[in-house]
Amino acid sequence: MGVINLSTQSWYRESVSLSADSAIERGYLLKAQGAHIVDIGAESTLDHALRIGAGDQQSALIPVVQALAQHVPVSIETYHPEVTQQGLKAGAALLNLTGTTQIEEHLRIVAEHDAGVIICFVQGANVREVQDLTLETDMVGVMYEYFARRIEMAEKCGVHKIFIDPGLGFYYRNLQDSAKRVQYQMETFLNTFRLRKLGWPTCHALPHAFDYFKEEVRCAESFMAVLALLGKTDLLRTHEVPKVRAVLETMGVFKN
C-alpha cells in the first residue's frame, strides 16, 4: 500500500502532494512502482498539526479518488463518517478507519458500498486524540480482544472485507522515548502472526525509528518491513514502495 498525503504538515515530505494534480501523478507513480493499493489522507496525524474539517477533507480527497480509482484500488484514511460516505461514493475501495467513535455508522456505509475496511487499534477517540497507550504485559493479547469485538461488529453490519492494523505509527504520549517506542513496535511486528487466528489479514503502517536512522530515515521502512514479514503481516503501508517491494521480493525468494 503506497501513501499519498494531502496535508502539507505530514512530516514525510516525499509522500506529500500539494495539489490534486500532483497527488494523481503520485498515484500513477506508486502503481508503476508496485503498489497494489494507494492510501490517501487529508489530515496529518502529528499532534501539533491543524485539524482538517470533514468538508475540507472531502474537497481535497474526492477529485484524487475519482481520478485514481479508475486505475488502482484506493483507500481513504478518515474518522469522519461523511468523508467515508463521499469517498466510497467517489470510487474508493477501502476505508482506513483511524477512529473509535461512530464505528457502526462507518461500517454500515462500508457495507452499503460493498467496500472494505482497515480496522486500526486506537486507544482514544481517533488517531489525533490519544494520550497514553495503556501498555500491558501482552499487548498483542489486548489487540486480539479489541479486534475480535470490532470484527464481530463489522460482520454484523454486513462488511465482508476486513484488514486489522495494530496502529504502530500513532503518536502516544508515553511512547515518545525512542527506545521504548521501537521496542514496542518490534515486539508487535514479530508477534503479529498471533492475530491471524482472527481469520482476517493484518496490515502494518511501517514506522521510521527516526532517532536511530537519522539521515538514512528513508531506509527505515525497509528494515521494519523485514520484521513485519517475519511476523506474517499481509499488507504493508509504506511511503517507500520501491524499497519495500525489493524487501518483499527478497523475502519471497527466502520463503521459496
Side-chain angles (χ1 to χ4, degrees), residues 1 3 5 7 9-15 39 41 43-49 51 77 79 96-100 118-150 163-198 202-240 243-244 247 251:
M1 174 183 280
V3 178
N5 287 318
S7 168
Q9 292 183 299
S10 296
W11 79 274
Y12 211 96
R13 66 179 185 272
E14 286 78 14
S15 66
D39 187 53
E43 182 181 88
S44 171
T45 60
L46 294 176
D47 57 1
H48 62 271
R51 295 294 184 95
E77 185 276 312
Y79 47 83
N96 189 357
L97 180 57
T98 55
T100 59
I118 301 174
I119 301 172
C120 293
F121 177 73
V122 184
Q123 287 194 337
N126 57 67
V127 66
R128 293 294 308 279
E129 297 179 30
V130 297
Q131 293 182 350
D132 287 350
L133 178 67
T134 303
L135 294 168
E136 304 289 346
T137 303
D138 181 13
M139 281 303 296
V140 174
V142 172
M143 292 177 188
Y144 189 100
E145 296 301 321
Y146 175 96
F147 287 129
R149 295 191 298 270
R150 292 287 187 254
F163 286 92
I164 55 177
D165 181 350
L168 295 185
F170 299 158
Y171 294 90
Y172 292 100
R173 188 172 58 188
N174 60 330
L175 285 181
Q176 295 306 301
D177 177 76
S178 57
K180 187 176 183 180
R181 181 178 65 255
V182 172
Q183 180 180 3
Y184 166 70
Q185 291 168 340
M186 293 172 70
E187 288 178 354
T188 304
F189 278 138
L190 294 173
N191 283 278
T192 297
F193 69 92
R194 293 168 52 196
L195 299 174
R196 294 173 70 89
K197 293 181 181 179
L198 290 164
T202 55
C203 171
H204 271 302
L206 300 176
H208 315 105
F210 181 79
D211 291 340
Y212 296 98
F213 282 84
K214 298 181 180 179
E215 67 273 9
E216 296 299 329
V217 68
R218 294 191 66 182
C219 299
E221 292 186 14
S222 303
F223 167 73
M224 295 297 185
V226 173
L227 299 178
L229 292 170
L230 290 174
K232 306 298 183 182
T233 302
D234 300 283
L235 178 63
L236 303 176
R237 182 182 183 275
T238 178
H239 302 82
E240 300 286 353
K243 294 181 175 64
V244 171
V247 170
M251 295 292 283

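Residue Phe147 holds its CZ atom at 5.0 Å from CD1 of Ile164, rounded to the nearest 0.5 Å. Atom CZ of residue Arg237 and atom CD of residue Glu77 lie 7.0 Å apart, to the nearest 0.5 angstrom. In this structure, CG in Asp39 is found 8.5 Å from CG in Asn5, a value given to the nearest 0.5 Å. In this structure, Asp132 CG and Tyr172 OH are separated by 10.5 Å, a value rounded to the nearest 0.5 Å. Interatomic distance, Gln183 CD to Asp177 CG, rounded to the nearest 0.5 Å: 10.0 Å.
Contact check for Asp138 versus Arg194: side-chain heavy atoms found under the 4.5 Å cut-off.
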In residues 218-230, what donor-acceptor pairs under 3.5 Å come from side-chain atoms, sequence neighbours left out?
residue, atom, partner, partner atom, Å
Arg218, NE, Glu240, OE2, 2.6
Arg218, NH2, Glu240, OE1, 3.1
Arg218, NH2, Glu240, OE2, 3.3
Glu221, OE1, Thr238, OG1, 2.4
Glu221, OE1, His239, N, 2.9
Glu221, OE2, His208, NE2, 3.1
Glu221, OE2, His239, ND1, 2.8

I would like to know whether Thr202 and Asp234 meet side chain to side chain contact (heavy atoms under 4.5 Å, CB included); could you show each step before the answer? CA-CA 5 Å; Thr202 55; Asp234 300 283; 3.3 Å; yes

Take Val122 and Tyr79 through the side chain to side chain contact (heavy atoms under 4.5 Å, CB included) test and state the conclusion after the steps. CA-CA 11 Å; Val122 184; Tyr79 47 83; over 6 Å; no

Check step by step if side chain to side chain contact (heavy atoms under 4.5 Å, CB included) holds for Gln123 and Phe170. CA-CA 10 Å; Gln123 287 194 337; Phe170 299 158; over 6 Å; no

Test Ile118 against Met1 for side chain to side chain contact (heavy atoms under 4.5 Å, CB included), laying out the working first. CA-CA 12 Å; Ile118 301 174; Met1 174 183 280; 3.6 Å; yes

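In plain terms, the two heavy atoms of Tyr184 and Met139 that are nearest each other are CE1-CG, 3.9 Å. Among all heavy-atom pairs drawn from Asp211 and Ser178, the shortest one is OD2-CB, 2.9 Å. When all heavy atoms of Phe210 and Val217 are compared, the pair lying nearest together is CD1-CG2, 3.6 Å. A pairwise comparison of heavy atoms in Pro207 and Phe189 identifies CD-CZ, 3.5 Å as the closest pair. Taking both residues in full, the closest heavy atoms of Gly124 and Val130 are given as CA-CG1, 4.2 Å, listed atom of the first, atom of the second, then distance.
Atom CD of Gln131 sits in a sparse spot, with 12 or fewer heavy atoms from other residues, nucleotides or ligands closer than 6.0 Å. Under a cut-off of 6.0 angstrom, the local environment of CE in Met186 is sparse, with at most 12 non-hydrogen atoms contributed by other residues, nucleotides or ligands.
Residues that satisfy the ring pair (Phe, Tyr, Trp, His ring centres under 6.0 Å) test with Tyr146, not counting sequence neighbours, are Phe121. In this structure, Asn191 has no side-chain hydrogen bond (donor to acceptor under 3.5 Å, both in side chains) partners at least two apart in sequence or on a different chain.
Side-chain N or O atoms of Arg196 include one that pairs as donor or acceptor with a backbone N or O of Lys232 at under 3.5 Å. Side-chain atoms of Arg181 come within 3.5 Å of backbone atoms of Leu175 as a donor-acceptor pair (strictly under, hydrogens ignored). A distance-only check finds no donor-acceptor pair linking the side chain of Thr233 to the backbone of Cys203 [under 3.5 Å]. Panel note: side chain Asp165, backbone Gly167; a donor-acceptor pair is recorded below 3.5 Å.
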